[in-house]
There are 2 protein chains.
Amino acid sequence: MRIGDLAARSGVSVRSLRYYEEQGLLASTRSAGGQRTYDDDAPARVEFLQRLYAAGLSSRTIAEVLPCVETPSRENTEDAFLRLRTERDRLSERIEDLTRTRDALDGLIEANRRHASAIAS
Amino acid sequence: MRIGDLAARSGVSVRSLRYYEEQGLLASTRSAGGQRTYDDDAPARVEFLQRLYAAGLSSRTIAEVLPCVETPSRENTEDAFLRLRTERDRLSERIEDLTRTRDALDGLIEANRRHASAIAS
DNA sequence: CTGGAACCTGTCACCGACGTCAGATGCGAG
DNA sequence: CTCGCATCTGACGTCGGTGACAGGTTCCAG
């Protein structure tokens with residue numbers, strides 16, 4: 001699979017795919033002419049990367065966490081594993097915070113709705 | 001309350017407070033010498049702004065939503081109200097997405113833990 | 001009254017993921 | 001073989017919320 005195909009399948013720009021590789025997040029083999037070739041796992045991988053980015057992780061953080069995901073061996077995995085749990089906890093806090101914010105917005109909406117109906121009556 | 005006090009109380013930099021004002025998100029009266037003065041509601045207001053920023057809203061979006069929050073009158077509130085609900089829904093989707101991501105991370109952690117214990121045994 | 005801390009405006013720098021352009025090269029269909 | 005699309009590398013631009021600095025003014029404690 002070439003980079004254009006991967007981009008089309010994963011819904012990510014070609015630029016981003018090159019960037020992911022530059023950051024050490026996505027591997028590719030090169031053809032004789034130097035063009036990138038991806039295996040069938042790539043789209044899922046890219047989707048996962050997108051997920052982590054959306055969760056607020058930076059490229060560097062993702063890179064630190066990935067060895068834990070890819071090669072669940074030992075040693076160089078130990079701190080990556082800790083990182084992974086740390087990021088999970090951070091995400092958890094984030095979710096709670098966002099939920100509180102949503103509740104606050106709900107409160108505003110409710111107050112506004114009541115106010116509007118009070119005017120209407 | 002002067003800008004330094006507000007910054008200290010709300011845990012936001014002086015720079016950011018001036019920026020919020022520049023974006024029309026935070027009002028201040030000026031002293032004779034031109035220095036900003038804030039009333040007692042300001043810290044809560046700033047905290048709320050921080051919440052919205054953390055929820056991923058841009059300054060412009062916050063500005064579009066605020067009239068709905070501040071002056072729950074009618075007319076110029078109508079579309080602000082729609083905006084507010086739109087943003088609430090967007091936030092809701094975001095929360096769901098992050099929750100899915102957290103579940104994915106939990107899956108990885110669990111898999112890794114099992115793998116580690118398999119090695120240990 | 002005075003000195004120094006706090007404040008003012010204005011401007012430039014930064015970060016990080018990505019857009020975009022340029023110029024060169026690879027690749028496959030006809 | 002050739003034409004044209006896809007891909008390559010490298011570089012610069014962008015956006016938004018802030019940091020940081022400069023040069024000047026205001027405020028308050030002593």
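Computed from a predicted model, the values in this text were never measured in an experiment. Excluded from the calculations below are hydrogen atoms, water molecules and symmetry mates; all remaining heavy atoms, backbone and side chain alike, are included.
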Task: Pair A:R100 + A:D97, salt bridge at N-O below 4.0 Å - done: yes
Open item on the list: Distance check needed: D:dG17 C1' versus B:L26 CG, whole Å only.
Closed with: 15 Å
Open item on the list: Using a strict threshold of under 4.0 Å (side-chain N to carboxylate O), is an ion pair present between B:E110 and B:R114?
Closed with: yes
- [ ] Check the distance between C:dA6's P and B:M1's CE and give it to me in whole angstrom.
- [x] 17 Å
Task: Residue pair A:E21 / A:S28, side-chain donor-acceptor N/O under 3.5 Å - done: yes
Task: Rounded distance in Å - CG (B:L17) to P (D:dA20) - done: 15 Å
Task: Nucleotide D:dG17, atom P - distance to CD of B:E22 in whole Å - done: 11 Å
- [ ] Indicate, with yes or no, if the rings of A:F48 and A:Y53 have centres closer together than 6.0 Å.
- [x] no
Open item on the list: Are the side chains of B:Y38 and B:L26 in contact, using a 4.5 Å heavy-atom criterion?
Closed with: yes
Open item on the list: I need a per-nucleotide contact map over nucleotides 9-27 of chain C, read 5' to 3'. Cutoff is protein heavy atoms under 4.0 Å; write B for the base, S for backbone only, - otherwise.
Closed with: B-B-----BBBB-----SS
TODO: Apply side chain to side chain donor-acceptor pair (under 3.5 Å) to B:T37 and B:R30, showing your working.
DONE: CA-CA 6 Å; B:T37 306; B:R30 296 302 183 105; over 6 Å; no
- [ ] Check the distance between D:dT26's C1' and B:I3's CD1 and give it to me in whole angstrom.
- [x] 14 Å
